[in-house]
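None of the values given here were measured: they were computed from a predicted structure. When a ligand or atom number is given, it counts from 1 through the structure's own listing order.
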Amino acid sequence: MTTSTSTPAQQDSLVPEREEPVINVGVLGARGRMGTEVVKAVNAAADLELVAMVDDGDWLFNVADAGAQVVVDFTRPDVVMDNIRFCIDQNIHCVVGTTGFDEAKLATIAEWLEPKPDLGVVIAPNFGIGAVLLMRFAQEAARFFPSVEIVELHHPNKVDAPSGTAVRTARLIAAARRAAGLPAAPDATKEADSLPGARGADIEGVPVHAVRLTGLVAHQEVLMGAEGETLTLRHDSYDRASFMPGVLLAVREIGRRPGLTVGIESLLGL
Ligand SMILES: NC(=O)C1=CN([C@@H]2O[C@H](COP(=O)(O)OP(=O)(O)OC[C@H]3O[C@@H](n4cnc5c(N)ncnc54)[C@H](OP(=O)(O)O)[C@@H]3O)[C@@H](O)[C@H]2O)C=CC1
Ligand SMILES: O=C(O)C1=N[C@H](C(=O)O)C[C@H](O)C1
């Protein structure tokens with residue numbers, strides 16, 4: 001497990017200047033790689049109070065009994081929907097970093113929220129500011145390059161592939177290409193003369209390749225090509241502390257953002 005060497009002030013670089021009441025926070029997946037870092041960041045924030053830590057096998061009602069106003073979920077794709085349902089039923093705002101959401105799941109959550117107009121759920125495949133910016137830059141550049149491929153690189157214990165960030169990046173690029181009238185990337189994942197899988201996964205016409213390697217944390221490259229030139233956008237999270245300013249921003253903002261928010265772009269004013 002990577003440990004953070006950053007100071008609380010560095011982890012909390014998006015802290016608002018205004019005085020706000022203390023927010024009670026519960027963490028789901030609290031002893032996992034991300035949960036451990038969230039617990040550390042919440043404990044270091046003067047305006048946040050850690051009231052509950054829940055892991056697999058623990059009693060989920062602990063977060064409600066402890067008076068959590070916001071729950072942060074870094075668990076697993078196969079359990080996160082149940083956790084969100086529980087939080088909505090208990091009137092607890094939910095900041096979700098766990099991956100694995102498709103349009104159908106997002107629509108279900110929006111439905112659950114309908115009868116609760118004051119409640120918020122923020123779901124972000126990546127809370128790293130650099131990763132969010134990479135996605136924005138990739139969207140901007142997409143219409144200028146006929147070829148595009150994504151390579152995501154992660155630690156070997158990651159349960160899902162490709163990463164939630166890569167899936168979202170591919171979909172954003174595909175949407176930008178469609179808006180500009182570009183077709184799918186040429187020969188995107190054509191398997192002719194290839195071993196199956198050698199050209200990666202096809203996400204809306206964008207090939208996505210997943211690398212799992214000891215020593216890595218979370219990294220992504222978007223490669224774009226046109227006649228005689230390439231553009232490579234790369235982001236590296238070397239430490240899970242890199243996700244904490246985005247997580248804490250969402251925890252502080254969620255009370256002012258009812259409904260479902262996907263990604264933290266709007267919270268960052270992008
Ligand atoms: N959005 C973002 O910025 C980021 C998102 N992620 C995503 O976050 C998720 C977690 O990643 P990571 O921390 O590396 O994974 P870990 O496996 O290290 O942690 C997951 C934790 O969740 C616990 N857990 C499992 N089931 C439940 C449950 N039903 N209720 C409560 N806790 C449960 C696990 O407990 P046990 O071990 O006992 O099963 C474990 O402690 C992944 O989907 C990953 O892709 C990761 C990094 C950044
Ligand atoms: O599991 C991880 O580690 C990460 N998961 C997220 C994803 O799947 O995109 C975010 C980041 O890449 C780290």
Side-chain angles (χ1 to χ4, degrees), residues 1-4 11 26-41 52-63 68 71-87 94-102 105 121-135 150-172 201 203 208 210-222 234-251 261-265 267-268:
M1 187 182 298
T2 308
T3 51
S4 167
Q11 289 188 340
V27 179
L28 305 187
R31 291 175 195 85
R33 284 176 287 268
M34 282 298 290
T36 305
E37 204 63 46
V38 174
V39 164
K40 213 189 317 173
M53 296 167 60
V54 170
D55 263 282
D56 198 8
D58 293 342
W59 181 232
L60 194 51
F61 274 93
N62 285 348
V63 289
V71 149
V72 179
D73 185 301
F74 282 97
T75 56
R76 286 201 326 252
D78 57 322
V79 302
V80 64
M81 285 296 278
D82 287 347
N83 292 345
I84 295 172
R85 175 83 239 201
F86 171 84
C87 289
C94 216
V95 171
V96 180
T98 308
T99 48
F101 291 91
D102 55 19
K105 287 182 179 174
V121 174
V122 171
I123 297 179
N126 204 310
F127 283 96
I129 310 304
V132 172
L133 289 172
L134 183 151
M135 285 188 261
I150 296 174
V151 185
E152 59 93 332
L153 312 92
H154 283 83
H155 61 93
N157 298 317
K158 184 166 174 54
V159 289
D160 55 330
S163 70
T165 309
V167 172
R168 182 163 163 84
T169 309
R171 291 192 175 135
L172 292 171
I203 299 179
V208 178
V211 175
R212 297 291 174 263
L213 206 66
T214 300
L216 296 180
V217 178
H219 317 259
Q220 177 165 284
E221 280 190 6
V222 176
R234 181 171 171 120
H235 174 256
D236 299 277
S237 274
Y238 299 109
D239 188 314
R240 291 180 179 85
S242 61
F243 302 111
M244 292 308 117
V247 171
L248 297 190
L249 174 68
V251 168
T261 303
V262 179
I264 60 166
E265 288 83 346
L267 281 64
L268 291 166

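Distance check, rounded to the nearest 0.5 Å: CZ of R33 to NE2 of H155 gives 4.5 Å. Note that the CG atom of N157 and the OG1 atom of T214 stand 8.0 Å from one another [nearest 0.5 Å]. In this structure, CZ on R76 lies 10.0 Å from CG on N83, to the nearest 0.5 angstrom. The distance from the CD atom of Q220 to the CG atom of D236 is 10.5 Å, given to the nearest 0.5 Å. Interatomic distance, OG1 of T75 versus CG of L28, reported as 6.5 Å (0.5 Å rounding). Distance check: D160 CG to H154 NE2 gives 8.0 Å after rounding to the nearest 0.5 Å.
Taking all atoms of both residues into account, the shortest heavy-atom contact from N126 to V132 is O-CG2, 3.7 Å. Closest heavy-atom contact between A166 and V208: CB-CG1, 3.8 Å. What you find for S237 and F243 is that their closest heavy atoms are OG-CZ, 3.5 Å. Between A210 and A161, the shortest heavy-atom contact is CB-CB, 4.2 Å. Between A30 and M53, the closest heavy-atom pair is CB-CB, 3.6 Å.
Look at Q220 and you'll find every heavy atom at least 4.0 Å from all atoms of ligand 2.
Of all protein heavy atoms, the one closest to atom 46 (C) of ligand 1 is M34 CG, 3.5 Å. The single protein non-hydrogen atom nearest to atom 3 (O) of ligand 1 is F127 N, 2.8 Å, given as residue, atom name and distance. Remark: minimum distance from atom 3 (O) of ligand 2 to any protein heavy atom is reached at H155 NE2, 3.0 Å. Of all protein heavy atoms, the one closest to atom 23 (C) of ligand 1 is D55 OD1, 3.4 Å. Atom 9 (C) of ligand 1 has T75 O, 3.5 Å as its closest protein atom, hydrogens excluded (heavy atom only). Nearest protein heavy-atom contact of atom 38 (O) of ligand 1 is D56 CB, 3.5 Å. Here the heavy atom of the protein found nearest to atom 16 (P) of ligand 1 is R33 NH2, 3.7 Å. The nearest protein atom to atom 5 (C) of ligand 1, hydrogens excluded, is given as G97 O, 3.0 Å; this is a heavy-atom distance. With hydrogens left out, the protein atom closest to atom 12 (O) of ligand 2 is H154 NE2, 2.6 Å, a heavy atom.
For a threshold of 3.5 Å applied to N or O pairs, the pair formed by L28 and ligand 1 contains no separation below that value. Considering backbone and side-chain N/O of P125, one or more are found under 3.5 Å from N/O of ligand 1. Between A30 and ligand 1, a contact under 3.5 Å exists for no N or O pair. The N/O atoms of P77, backbone and side chain alike, include none that comes under 3.5 Å of an N/O atom in ligand 1. In terms of N/O distances under 3.5 Å, ligand 1 is approached by T99. Considering backbone and side-chain N/O of G32, one or more are found under 3.5 Å from N/O of ligand 1.
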Are F74 and V247 close enough, and set up right, to give a side-chain contact (heavy atoms from CB on, under 4.5 Å), and what steps lead you there?
-> CA-CA 11 Å; F74 282 97; V247 171; 3.9 Å; yes
Taking it one step at a time, do L268 and I129 satisfy side-chain contact (heavy atoms from CB on, under 4.5 Å)?
-> CA-CA 9 Å; L268 291 166; I129 310 304; 3.9 Å; yes
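When G164, A166, P125, A218 are checked for heavy-atom proximity to atom 13 (C) of ligand 2, A218 turns out nearest. Distances from atom 30 (N) of ligand 1 to the heavy atoms of N83, T98, D78, L60 show the closest one on N83. Closest to atom 1 (N) of ligand 1 by heavy atom, among G128, S237, G164, A124, is A124.
None of H235, R212, H219 except one satisfies the side-chain hydrogen bond (donor to acceptor under 3.5 Å, both in side chains) rule with E152; the exception is R212.
At least one side-chain heavy atom of I203 sits under 4.5 Å from a side-chain heavy atom of P162.
In this structure, atom 14 (O) of ligand 1 is in close contact with the protein, since a protein heavy atom lies within 4.0 Å of it.
D239 places no side-chain N or O within 3.5 Å of a backbone atom of S242 that could act as its donor or acceptor partner.
Counting atoms of ligand 1 from 1 in the listed order, those under 4.0 Å from a heavy atom of R31 are 41 (O). The atoms of ligand 1 that sit less than 4.0 Å from any heavy atom of K158 are 45 (O). Distances below 4.0 Å separate heavy atoms of T165 from the following atoms of ligand 2: 7 (C), 9 (O), 10 (C), 12 (O). Within ligand 2, the atoms closer than 4.0 Å to a non-hydrogen atom of S163 are 7 (C), 8 (O), 9 (O), numbered from 1 in the order shown. Counting atoms of ligand 2 from 1 in the listed order, those under 4.0 Å from a heavy atom of T99 are 6 (C), 7 (C), 8 (O). Residue contact check: N126 has heavy atoms under 4.0 Å from atoms 10 (C), 11 (C), 12 (O) of ligand 2. Interface of K158 with ligand 2, defined as ligand atoms under 4.0 Å from a residue heavy atom, comprises 1 (O), 2 (C), 4 (C), 5 (N), 6 (C), 7 (C), 8 (O).
Contacts of F74 with ligand 1, taken as heavy-atom pairs under 4.0 Å, involve both backbone and side chain.
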